[in-house]
Amino acid sequence: MISSFFGKTKPINYIVLAIVLFLFYLTHVFFRLGEQKVNQIIGLELLLFIGLLLAIFIVNLIVRTEKATESNSYAMLFFLLLIISFSDELVLDKVIFANFFLLLAFWRILSVKSSRNVKHKIFDASLLISLASLFYDWALAFMLLVFFVIGVYDRKTLKNWLVPFLGMSAIFMLTFTVLKLKGALGFFEEHYQFSLGLFTTKSFFQVLNVKTLIYLILTILVSVLVFIRLRNVSGGKLLLLRIVFLIFILATGIILFTPADASPVLIAFFPAAVFFTNYFEGIKKEKFQEIVLLASMALACTLFIVHLD
């Protein structure tokens, strides 16, 4: 049974998911190879594959250590299925790298709830978000999440409010130094454009395609159902899920500010995987769980095949 297999977190689960990702990614690269030679792209594609694979494993580490879900592999599975479903987004290599650093930042942000080494966690999160913004400019919007978490967990300590600026300054000063030595200071002006796709296009669907729109609506509906089911649960997990939902809202805003052909949907996969997993865990009938998983896998494979044209 598929649900019972992924209901555990054994090494075999990691191996199976890694193999599945490799096979799908290899197929994706093969079909868009075109006239390029393998040796021209193998270095970058290998880095991108490693970035996606590490992202899957980081998602599992986050949900396990922060107890965002129960102890199982469903979050990794749903994250992988979303990658397969949106394989057309994998051409955005900078978003894949940005997503890797953002996941690490989210991990540090969610760990603030332990109230230990808060300043270090805030600094790390700010630094990682700034790093992510070097790959994708709008990633800097997640600094709002850092200030929100400070306000929730430790608003009375003035130093906490100053730490994010130190984290950002550290990255940008280092970047400035490197660019200065290379004579490429124009990077900042060229890179940090902060496009406003929703307000500069004539059609809504130039910003958001139908598939992405359905995905965002579905995630919101599932999130609402999860919050309704967990409304009487102890405040710790509920607050954690609210922060995860804020990640999704910020990611959605960034998606709306970007043209459809450059939409960073990948950055919204982590919160979606968390809520999909929480909803799935609430399904009591094992047969229904099997149907949901099989349907999700079939849909992901169908969308992947469609994108191969």
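All residue numbers refer to positions in the sequence shown, counting from 1.
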| field | Pairs flagged by salt bridge (Lys or Arg N to Asp or Glu O under 4.0 Å) wherever residues 147-158 is involved - sequence neighbours left out | value | none
| Are Leu158 and Val112 joined in one hydrophobic group, where the rule is that I, L, V, M, F, W and Y side chains link up if heavy atoms are under 4.5 Å apart? | no
| request: Can you run down the side chain to side chain donor-acceptor pair (under 3.5 Å) pairs that involve residues 169-193, sequence neighbours left out, and say none if there aren't any? | output: Ser133-Tyr192
| remark: In short, Leu52 meets Leu90 closest at the heavy-atom pair CD1-CD2, 3.9 Å
| request: Please work out which of the three classes, parallel, tilted or perpendicular, describes the rings of Phe97 and Phe135, given edges at 30° and 60°. | output: tilted
| said: Classify the ring geometry of Phe172 against Phe188: parallel below 30°, tilted from 30° to 60°, perpendicular beyond 60°. | reply: perpendicular
| task | Answer with yes or no after comparing the ring centroid distance for Phe270 and Phe79 against a 6.0 Å cut-off, counting only values under it. | result | no
| said: Please list all pairs meeting side chain to side chain donor-acceptor pair (under 3.5 Å) that have one or both residues in residues 280-289, counting only residues at least two apart or in different chains. | reply: Asn72-Glu281
| field | Centroid separation Phe165 to Phe147 less than 6.0 Å | value | yes
Side-chain polar contacts of residues 1-9 - donor-acceptor pairs under 3.5 angstrom, sequence neighbours left out - could you list them?
residue : atom : partner : partner atom : Å
Ser3    : OG   : Glu290  : OE2          : 2.4
Ser4    : OG   : Met1    : O            : 2.8

| said: The test is side-chain contact (heavy atoms from CB on, under 4.5 Å); show your working for Lys237 and Lys67 and say whether it passes. | reply: CA-CA 8 Å; Lys237 182 172 182 178; Lys67 295 180 173 55; over 6 Å; no
| Heavy-atom pair with the smallest gap, counting every atom of Tyr215 and Ala268 | OH-O, 2.8 Å
| field | Counterpart residues, side-chain hydrogen bond (donor to acceptor under 3.5 Å, both in side chains), relative to Lys211 (two or more places apart) | value | Asp88, His307
| Which residue pairs pass the salt bridge (Lys or Arg N to Asp or Glu O under 4.0 Å) test with at least one member in residues 95-112, sequence neighbours excluded? | Arg108-Asp124
| said: Does the plane of the ring in Phe78 sit parallel, tilted or perpendicular to the ring in Phe276? Use 30° and 60° as the thresholds. | reply: perpendicular
| field | Salt-bridge criterion met for Arg32 and Glu45 (N-O under 4.0 Å) | value | yes
